[in-house]
Amino acid sequence: MTAPRVRFAPSPTGYLHVGGARTALFNWLFARRHGGVFVLRIEDTDVERSSAEMVEGILDGLRWLGLDWDEGPKVGGPYGPYFQSDRLDRHRAMADRLVAGGHAYYCYCSSGDLKAKREAAEKAGGAGRYDRTCCKLSSAEIAARERSRTPRAVRFRVPDGTRRFDDLVHGSIEVDCAHIEDFVVLRSDGQPTYQLSVVADDVEMAITHVVRGDDHISNTPKQILLYEALGAPLPRFAHVPLILGPDKKRLSKRHGATSVMEYARQGYLPEAMANFLALLGWSPRTDQELFSRDELVAAFALEGISGGNAVFNPEKLEWFSQQHIARLAPDELAMRLKPIFEASAIWEDSFLGSRHAWFFSVLELLKPRARRLDDFAAQGRFFFTDTVEYDPAAVEKHLREVGLREHLLAVDAELGTLSTFDAASIEAAVRAVAGGRSVKAATLIHAIRVAVTGKSVSPGLFEVVSLVGRERVHARLRAAVRLVSSRPV
RNA sequence: GUCCCCAUCGUCCAGAGGCCCAGGACGUGGCCCUUUCAAGGCCAAAACACGGGUUCGAAUCCCGUUGGGGACGCCA
């Protein structure tokens with residue numbers, strides 16, 4: 001395949017949602033797979049609803065996912081400008097060409113006329129298609145309207161016949177033009193409509209493959225007509241199915257988080273999100289589930305996209321996130337954690353310097369139970385603070401055994417005699433105390449866990465004790481003893 | 001209403017006529033490991049929407065039904 005050119009063309013009327021993100025991902029993967037060009041074009045012609053902040057939001061989302069664009073905002077490129085609002089003159093020129101070539105005509109109907117026509121047609125049970133009133137105007141009638149300066153829009157004259165195209169995911173799709181009305185390509189205020197601007201831009205940007213949402217299938221025949229009228233070569237089309245919420249309705253805000261940046265804030269790994277999104281509706285046709293970004297690029301093919309809509313499954317995203325976290329190299333993980341730890345006020349630069357061996361050991365311990373980056377801070381806080389916060393339920397459950405005061409004192413004393421404060425020595429010491437005092441090791445272990453971590457769940461206790469360190473463990477054991485002593489039994 | 005798309009476990013996918021009394025993953029249940037929670041290992045339950053064809057043979061092809069989704073704007 002000669003280097004394809006694909007584009008992602010979001011309208012900045014909202015943040016980058018997961019559906020758009022997946023469309024962008026498929027385009028990006030396709031471009032990278034085939035050594036092509038990934039173009040980012042901002043379709044901001046709906047001035048009412050578009051905003052610069054939204055553009056930045058979308059860019060942030062793409063950057064977070066690692067989808068770098070070869071041409072577009074910030075980076076420019078030979079086919080610019082990449083903001084559709086800067087291309088209006090070109091679109092108008094296209095509209096003129098269409099009129100000049102007899103493919104379009106001026107329409108003087110007001111929106112009121114149109115609405116009336118539509119309602120009348122509906123009442124009569126017919127399709128509400130435009131009745132071509134203005135297409136049938138005599139030159140005298142046209143002259144009269146021009147003289148009275150009646151506002152005019154430009155309508156495309158839809159030819160007879162059928163149009164078919166081979167969609168890369170759906171196969172052959174054929175539509176009878178009789179079902180397509182003469183659509184407006186240029187509004188009476190001189191603004192081009194979407195149908196005209198996408199085609200104009202895709203043609204001028206030499207887009208070879210249009211990969212976009214399923215919801216554009218019905219626009220495609222209109223656009224094909226436009227390509228024909230413009231004498232431009234047709235790109236290949238690939239319409240990817242939509243992402244649905246659990247209720248099988250199109251994913252929307254009421255389904256919870258739909259912005260990719262929302263997931264970023266929640267501590268999901270971007271590579272996990274990309275992996276998850278890629279497999280939502282696409283299959284490598286093997287049993288492999290876990291993919292690095294490079295592996296996705298190597299395996300991606302538009303042909304593997306399935307035709308049916310897919311339901312967004314948050315649990316599976318969590319699983320991917322956990323799997324990718326588990327595979328992160330220690331120093332990489334540390335870098336990702338830094339901002340989160342800083343926000344939690346538990347970051348210290350020595351984690352990457354003098355104490356990095358210790359820090360990495362802590363992370364290794366926390367890793368298997370982390371599903372999101374936030375979990376490291378939430379579940380491992382006690383490693384990084386001087387004092388622990390006790391979970392009342394944990395205290396209640398494990399620190400009320402009779403004789404615990406003495407048991408803990410004994411443990412503390414025994415730990416104090418250890419020459420090396422490693423997990424094996426600690427375990428031996430704790431079990432020895434338990435045996436010597438005829439108390440179950442589990443009882444001591446649970447009590448020590450609450451004393452040292454404040455919680456009833458943690459990684460393996462002996463490793464935890466070892467890494468929290470002799471000094472802090474001693475202090476926490478003494479604090480727990482005081483806590484136990486002060487409680488009525 | 002019209003047009004278009006889709007239809008395999010709860011969910012995401014595999015399956016391109018015999019390899020399928022249907023395979024993988026998430027989730028769910030059980031067991032193992034075990035100091036808790038995870039992770040990990042093992043096992044289990046769980047689906048070809050329905051009806052007609054075509055064929056020696058259909059999850060796979062065709063038609064219909066039903067169901068779901070999308071589109072029908074001087075929005076994108």
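Order of the sequence lines fixes the chain letters, A, B, ..., with proteins taken first and strands second; residue numbering starts at 1 for each chain.
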Does a side-chain N or O of A/Thr45 approach OP1 or OP2 of B/rA76 to a distance below 4.0 Å, or not? yes
Taking distance alone, no hydrogens or angles, what donor-acceptor pairs closer than 3.5 Å link side-chain atoms of residues 424-438 of chain A to residues at least two apart or in another chain?
from     : atom 1 : to       : atom 2 : distance (Å)
A/Ser425 : OG     : A/Thr420 : O      : 3.4
A/Ser425 : OG     : A/Thr420 : OG1    : 3.4
A/Ser425 : OG     : A/Asp422 : OD1    : 2.5
A/Glu427 : OE2    : A/Arg431 : NE     : 2.9
A/Glu427 : OE2    : A/Arg431 : NH2    : 2.9
A/Arg437 : NE     : A/His407 : ND1    : 2.8

In whole Å, what is the span from the CE atom of A/Met273 to the P atom of B/rC12? 17 Å
When rounded to the nearest 0.5 angstrom, what is the spacing between CG in A/Leu196 and CZ in A/Phe156? 10.5 Å
Whole-Å distance, A/Asn275 CG to B/rC26 C1', equals 12 Å
Output yes when at least one side-chain N/O atom of A/Arg212 is less than 4.0 Å from OP1 or OP2 of B/rA76, else no. no
Any side-chain heavy atom of A/Leu333 sitting closer than 4.5 Å to one from A/Phe376? yes
What are the two closest non-hydrogen atoms of A/Tyr82 and A/Leu40, and how far apart are they? CB-O, 3.7 Å
Using atom CD1 of A/Ile180 as one end and atom P of B/rC4 as the other, report the distance to the nearest whole Å. 11 Å
Are A/Phe26 and A/Phe300 an aromatic pair by the rule of ring centers under 6.0 Å? yes
If pairing means Watson-Crick or G-U wobble with both distances under 3.5 Å, then the partner of B/rC42 is B/rG30
Within this structure, what is the CD-to-P distance between A/Gln223 and B/rA71, rounded to whole angstrom? 14 Å
Contact class for A/Ala310 (heavy atom, under 4.0 Å): base, sugar-phosphate, or nothing? sugar-phosphate
For B/rA49, what is the paired nucleotide under Watson-Crick or G-U wobble rules, both distances under 3.5 Å? B/rU65
Same-atom distance (C1') from B/rG51 to B/rA58, integer angstrom: 15 Å
Using both distances under 3.5 Å as the test, list the Watson-Crick or G-U wobble partner of B/rC21, or none. none
How many Å lie between CZ on A/Arg285 and P on B/rA16, as a whole number? 10 Å
Inter-nucleotide C1' distance (B/rA45, B/rG10), Å rounded: 12 Å
A/Ala153 side chain, from C-beta outward: closest of B/rA76, B/rC74, B/rA71: B/rC74
Give a yes/no on whether any side-chain N or O of A/Ser306 is located under 4.0 angstrom from OP1 or OP2 of B/rC13. yes
Between A/Leu366 (CG) and B/rC37 (C1'), how many Å, whole number? 12 Å
Nucleotide forming a Watson-Crick or wobble pair with B/rG57, both distances under 3.5 Å: none
Atom pairs, N/O to N/O, protein against nucleotides 38-42 of chain B, distance under 3.5 Å?
from   : atom 1 : to       : atom 2 : distance (Å)
B/rA38 : O2'    : A/Pro368 : O      : 3.0
B/rA39 : O4'    : A/Pro368 : O      : 3.4
B/rG40 : OP1    : A/Gln323 : NE2    : 3.3

B/rG73 - base-pair partner by Watson-Crick or wobble geometry, distances under 3.5 Å: none
Look at all strands and tell whether A/Pro151 reaches a base, only sugar-phosphate, or nothing, counting heavy atoms closer than 4.0 Å. nothing
Quick one: label A/Lys249 by what it contacts on the DNA or RNA (base, sugar-phosphate, nothing), any heavy atom closer than 4.0 Å. sugar-phosphate
Can you tabulate the close N/O pairs, meaning under 3.5 Å, that link protein atoms to atoms of nucleotides 5-8 of chain B?
from  : atom 1 : to       : atom 2 : distance (Å)
B/rC5 : O3'    : A/His170 : ND1    : 3.0
B/rC5 : O2'    : A/His170 : ND1    : 3.4
B/rC6 : OP1    : A/His170 : ND1    : 3.4

A/Lys316 side chain N/O closer than 4.0 Å to the phosphate oxygens (OP1, OP2) of B/rC13? no
Answer yes or no: does atom CZ of A/Arg236 have more than 12 heavy-atom neighbours from other residues, nucleotides or ligands under 6.0 Å? no
Do A/Thr193 side-chain and B/rC74 base share a donor-acceptor contact under 3.5 Å? no
Selected nucleotide, minimal atom distance to A/Glu181 side chain, candidates B/rC72, B/rC3, B/rA71: B/rC72
Please give, in whole Å, the distance from B/rA76 P to A/Arg87 CZ? 16 Å
Pick base, sugar-phosphate or nothing for A/Gly281, based on heavy-atom distances below 4.0 Å to the nucleic acid. sugar-phosphate
Can a donor-acceptor pair be found between the side chains of A/Asn219 and A/Tyr194 at a distance below 3.5 Å? no
No-H, no-angle donor-acceptor pair, A/Glu289 side chain to B/rG24 base, under 3.5 Å: yes
Side chain of A/Leu242 - closest among B/rU35, B/rG69, B/rC3: B/rG69
May I ask you to say what A/Ser283 touches in the nucleic acid, namely base, sugar-phosphate or nothing, with a heavy-atom cut-off under 4.0 Å? sugar-phosphate
Pick base, sugar-phosphate or nothing for A/Asn219, based on heavy-atom distances below 4.0 Å to the nucleic acid. base
When you measure from the side-chain N and O atoms of A/Arg250 to the phosphate of B/rG70, is any distance below 4.0 Å, counting only OP1 and OP2? no
From B/rA76, B/rC12, B/rG27, pick the nucleotide closest to the side chain of A/Glu315? B/rG27
For the P atoms, the ones on B/rC5 and on B/rU11, what distance do you get once it is rounded to whole angstrom? 24 Å
Would you say the side chain of A/Arg7 lies within less than 4.5 Å of the side chain of A/Val210, judging by non-hydrogen atoms? yes
Check the orientation of A/Tyr106 and A/Tyr108. Use parallel for under 30°, tilted for 30 to 60°, and perpendicular for over 60°. tilted
Using a heavy-atom cut-off of under 4.0 Å over every strand shown, decide if A/Phe462 touches base, sugar-phosphate, or nothing. base
Looking at every strand, decide which applies to A/His239 at a 4.0 Å heavy-atom threshold: base, sugar-phosphate, or nothing. nothing
Sugar-phosphate, base or nothing in reach of A/Leu461, heavy atoms under 4.0 Å: base
